[in-house]
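As structure tokens, the structure follows; a few thoughts come after it.
Lettering of chains follows the sequences in order, A, B, ..., and the numbering in each one begins at 1. Just so you know, these numbers use all the heavy atoms, side chains as well, and skip hydrogens, waters and symmetry mates.
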2 protein chains.
Amino acid sequence: MPLNEAAKKKFVAFLESKSLRITSQRHAIINTVFSTDKHFTADELLAWAREKDKSVSRATVYRTLPLLTESGLVREMDFGKDYKFYDPNYADHPHHSHLICGDCDKIVEFDDEKLEKLECEITEKLGFSIKSQRLQITGTCEEMKRLGSCKNKCH
Amino acid sequence: MPLNEAAKKKFVAFLESKSLRITSQRHAIINTVFSTDKHFTADELLAWAREKDKSVSRATVYRTLPLLTESGLVREMDFGKDYKFYDPNYADHPHHSHLICGDCDKIVEFDDEKLEKLECEITEKLGFSIKSQRLQITGTCEEMKRLGSCKNKCH
DNA sequence: ATCAATGCAAATAATTTGCAAAAAG
DNA sequence: CTTTTTGCAAATTATTTGCATTGAT
């Protein structure tokens, strides 16, 4: 998957706006993060970044992750495991939601305008204005129920 | 807040169905959990349960929590802290969502039929059938923005 | 030069677990 | 009696942090 140049540029601008430095280690981390659309863990990010630059340490990964989330380009996700996942797709799809297959754990991301509008309405009716949203739907694969496996939808 | 007898009965039935025992410590924990509508941490639950039965240990709390979530009567929640919260209101409102005030951290729970229906439709369109859902909306209090504090809505 | 960023190794803190003793059914 | 549950204390594990050194600007 090619590097998402636009996202990288935004993050570099974010760092510069806070007078933070673009070190070679951060370079490796940034390039890794914005060259995938997969959810990743801190551990995976460390391994991938090290393939590009052997000098990246675990501490630097853990120190860079909060910068990425603070910039809004990456979002911390909780899927009930005891470690966190990070989703790099908020750069391109700032409002997306997650559908998780309860059978095979595959995660589908989706955007839905009607949903977005409804959430906004509900929020305003309660006296707030919406800032952000996280929706996780857990589902069962229909294919799975009919055929005993969810080849098409879930693998 | 009075004990939610119905929820307690359901959980006791759940334990019996798995031939698990109703010990005095579990009694104290169950009574605590179903006598509040607040989200709580493991640590808080331990403190509260100990007020009822001094012999409850941290280990027992941590061993009982997964039983509560497995029963579906309590749900584990992630609000971005490094410890988990537990929500005892799924017994009475199995589909509720959370609206979090970004200004004062107050959490409002709400049910919405239209939302539920829409989520179901989206899920089916993607080839799944819905099993469960978690929605967290973060908002800004209107009162806050106008008056500089959110007395009515948020405190 | 200056000040932020690094790697390392040690610290932190929530949660889990092994085990021998206690209690439920 | 049998089997589960308990408390305790030690273990686990993701993440954080102090510090002396390095590197970006």
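- Whole-Å rounding puts the B/Asp53 CG to C/dA23 C1' distance at 13 Å.
- Atom OH in A/Tyr62 sits roughly 18 Å away from atom C1' in D/dG18 (whole-Å rounding).
- Residues of residues 7-44 of chain B having a heavy atom closer than 4.0 Å to DNA chain C, listed by number: B/Arg21, B/Ile22, B/Ala42.
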Exercise for review: Please assess B/Lys8 against B/Asn31 for the test side-chain hydrogen bond (donor to acceptor under 3.5 Å, both in side chains), listing each intermediate value before the final yes or no.
Suggested key: CA-CA 7 Å; B/Lys8 174 173 178 176; B/Asn31 285 339; 2.8 Å; yes
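- Within a 6.0 Å sphere centred on NZ of A/Lys9, other residues, nucleotides and ligands contribute 12 heavy atoms or fewer.
- Between B/Ser97 and the choices B/Gln133, B/Glu109, B/Glu119, the side chain to side chain donor-acceptor pair (under 3.5 Å) rule is met once, by B/Gln133.
- Among residues two or more places apart in sequence or in another chain, the side-chain contact (heavy atoms from CB on, under 4.5 Å) test is passed with B/Ser71 by B/Phe11, B/Phe14, B/Leu73.
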Protein-nucleic acid N or O pairs under 3.5 Å, nucleotides 8-10 of chain D:
none

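- At the heavy-atom level, B/Val56 lies under 4.0 Å from the strands shown only through sugar-phosphate atoms.
- Distance B/Leu45 CG to C/dA14 C1': 15 Å, rounded to the nearest Å.
- When all heavy atoms are compared, the tightest approach of B/Ala28 to B/Ala49 is CB-O, 4.0 Å.
- Looking at B/Val33 and B/Leu68, their side chains come closer than 4.5 Å, going by heavy atoms from C-beta outward.
- The aromatic rings of B/Phe40 and B/Trp48 sit perpendicular to each other, their planes meeting at more than 60°, with 30° as the lower class boundary.
- A/His98 has its ring centre less than 6.0 Å from the ring centre of A/His96.
- Distance B/Leu46 CG to D/dT6 C1': 14 Å, rounded to the nearest Å.
- Taking the salt bridge (charged side-chain N to carboxylate O under 4.0 Å, His left out) definition, one finds that A/Lys18 meets it with A/Glu70, sequence neighbours left out.
- In terms of the salt bridge (charged side-chain N to carboxylate O under 4.0 Å, His left out) criterion, residue partners of B/Arg58 (sequence neighbours excluded) are, by chain and number, B/Asp43.
- In the region residues 67-88 of chain B, proximity to DNA chain D at under 4.0 angstrom, judged on heavy atoms, holds for none of the residues.
- With hydrophobic clusters built from ILVMFWY side chains whose heavy atoms lie under 4.5 angstrom apart, A/Val12 does not share a cluster with A/Tyr90.
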